[in-house]
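All residue numbers refer to positions in the sequence shown, counting from 1. Every number for a ligand or one of its atoms is a count from 1 in the order of the listing.
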Amino acid sequence: MKVPNHIAIILDGNGRWAKARGMPRSYGHVKGCANLETICDDMKELGVKYLTVYAFSTENWKRSREEIEGLMRLFRNYLKKCIKISEKNKMKVKIIGDIRAFDEDIQRRIVELEEFSKDYDELHFYIALNYGSRDEIVRGMRRFGQDVKEGIRTPEELDERLFADYLDTAGAPDPDLMIRTSGELRLSNFLLWQLAYTEFYFTEVAWPDFNRAELIRAIETYNNRDRRYGGVKEE
Ligand code: IPE
Ligand code: IPE
Ligand code: MG
């Protein structure tokens with residue numbers, strides 16, 4: 001089994017998972033968050049080098065105040081805990097998305113975590129928080145425009161490579177495999193540029209139930225695909 005270099009996951013279905021158990025949505029988020037730790041261990045053990053997860057979108061602010069508050073509490077705890085996880089897995093953590101929307105203390109925890117883990121390279125872990133692909137592209141192009149204005153760049157210089165350098169994922173290879181849990185067949189504004197040639201895998205399994213066996217199933221399916229670019233079979 002060839003393991004993809006970069007796996008991206010849309011962590012979906014926490015709310016439905018909880019509801020099916022007669023529990024509040026927030027309970028699903030707690031379970032989903034715990035599962036993130038487990039899956040990082042699995043990725044590390046399987047030899048995946050890059051993992052990107054979609055944890056909170058630019059659209060998710062529209063949820064109820066109660067749910068948002070619960071999620072913010074969870075982020076606070078997780079960002080702190082993640083320092084230990086990064087140490088254990090020798091993983092470098094980076095948050096993608098516009099973090100300026102979060103409370104100061106959350107932003108500080110993000111900076112601390114990124115700073116603490118910056119020299120690890122066994123697993124590169126990207127967490128998308130207040131992330132939207134369109135927003136990422138617009139923010140990047142604003143910076144490019146500013147660089148042109150300041151004479152650092154010229155419009156003629158802009159090509160696909162340079163464009164990618166202005167995205168939050170600058171420096172990361174494009175994902176080889178994108179997994180979305182819990183049955184929805186859409187991207188929900190996730191990595192629109194980066195997923196241009198990525199293989200997609202959709203499963204009915206909700207995120208809190210997505211485990212190592214499910215991950216291996218996804219990787220096996222990926223192995224059986226005929227990839228036109230970045231081929232699997234011929235290697
Ligand atoms: C994914 O689970 C986690 C976040 C978006 C924060 P959902 O909260 O979207 O769960 P469902 O899709 O409503 O079941
Ligand atoms: C996508 O899931 C975003 C995350 C998993 C963080 P959503 O549940 O928010 O997406 P939609 O609303 O079903 O498209
Ligand atoms: Mg959802």
So, are Glu45 and Arg212 salt-bridged, with charged N and O less than 4.0 Å apart?
-> yes

Electrostatic pair Glu136-Arg139, nearest N-O below 4.0 angstrom | no

Proximity of [X] to ligand 1 by residue part, where a heavy atom lies under 4.0 Å:
{"X": "Arg63", "answer": "side chain"}
{"X": "Ala55", "answer": "backbone"}
{"X": "His29", "answer": "side chain"}

Looking only at side chains, do [X] and [Y] share a donor and an acceptor under 3.5 Å apart?
{"X": "Ser26", "Y": "Arg73", "value": "no"}
{"X": "Asp41", "Y": "Thr38", "value": "no"}
{"X": "Trp61", "Y": "Asn130", "value": "yes"}
{"X": "Asp147", "Y": "Tyr166", "value": "yes"}

Could you establish whether Glu184 and ligand 1 come within less than 4.0 Å of each other, counting only heavy atoms on the residue side?
->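 So Glu184 does not count as touching ligand 1.
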
Under 4.0 angstrom from ligand 1, any heavy atom of Ser182?
->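 Contact absent.
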
For [X], the ligand 2 atoms whose distance to one of its heavy atoms is below 4.0 Å:
{"X": "Arg186", "result": "11 (P), 13 (O), 14 (O)"}
{"X": "Leu11", "result": "5 (C)"}
{"X": "Asn60", "result": "3 (C), 6 (C), 9 (O)"}
{"X": "Phe56", "result": "6 (C)"}

Of Gly97, Ser188, Gly32, the residue with the heavy atom nearest atom 1 (C) of ligand 2 is Ser188

Please check if Leu36 and Ile85 belong to a single hydrophobic cluster, counting links between Ile, Leu, Val, Met, Phe, Trp and Tyr side chain heavy atoms closer than 4.5 Å.
->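 Linked within one cluster.
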
Tyr54/Tyr131 aromatic ring centres below 6.0 Å |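 Judged by ring-centre distance (under 6.0 Å), Tyr54 and Tyr131 do meet the cut-off.
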
Please confirm if an N, O or S atom belonging to Asp12, backbone or side chain, lies less than 2.8 Å from the Mg ion (ligand 3).
->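 Within the cut-off used here (under 2.8 Å), Asp12 does place an N, O or S atom near the Mg ion (ligand 3).
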
Check whether any side-chain heavy atom of Ile7 sits under 4.5 Å from a side-chain heavy atom of Met43, and report yes or no.
->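 Yes, their side chains come closer than 4.5 Å.
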
Kindly confirm or rule out an N or O of Tyr54 lying under 3.5 angstrom from an N or O of ligand 2.
-> no

I need the nearest protein heavy-atom contact for [atom]: residue, atom name and distance, please.
{"atom": "atom 8 (O) of ligand 2", "result": "Asp12 OD1, 3.1 Å"}
{"atom": "atom 13 (O) of ligand 1", "result": "Arg25 NH2, 2.8 Å"}
{"atom": "atom 10 (O) of ligand 1", "result": "Gly15 N, 2.9 Å"}
{"atom": "atom 2 (O) of ligand 2", "result": "Arg180 NH2, 3.6 Å"}

For ligand 1, which atoms have a heavy atom of Arg16 less than 4.0 angstrom away?
-> 11 (P), 12 (O), 14 (O)

Relative to the ring of Tyr50, is the ring of His124 parallel (under 30°), tilted (30 to 60°) or perpendicular (over 60°)?
->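 His124 vs Tyr50 ring planes: parallel.
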
Report yes or no: is the cationic atom of Arg21 (NZ for Lys, CZ for Arg) under 6.0 Å from the centre of the six-membered ring of Trp17, at an angle within 45° of the ring normal?
-> yes

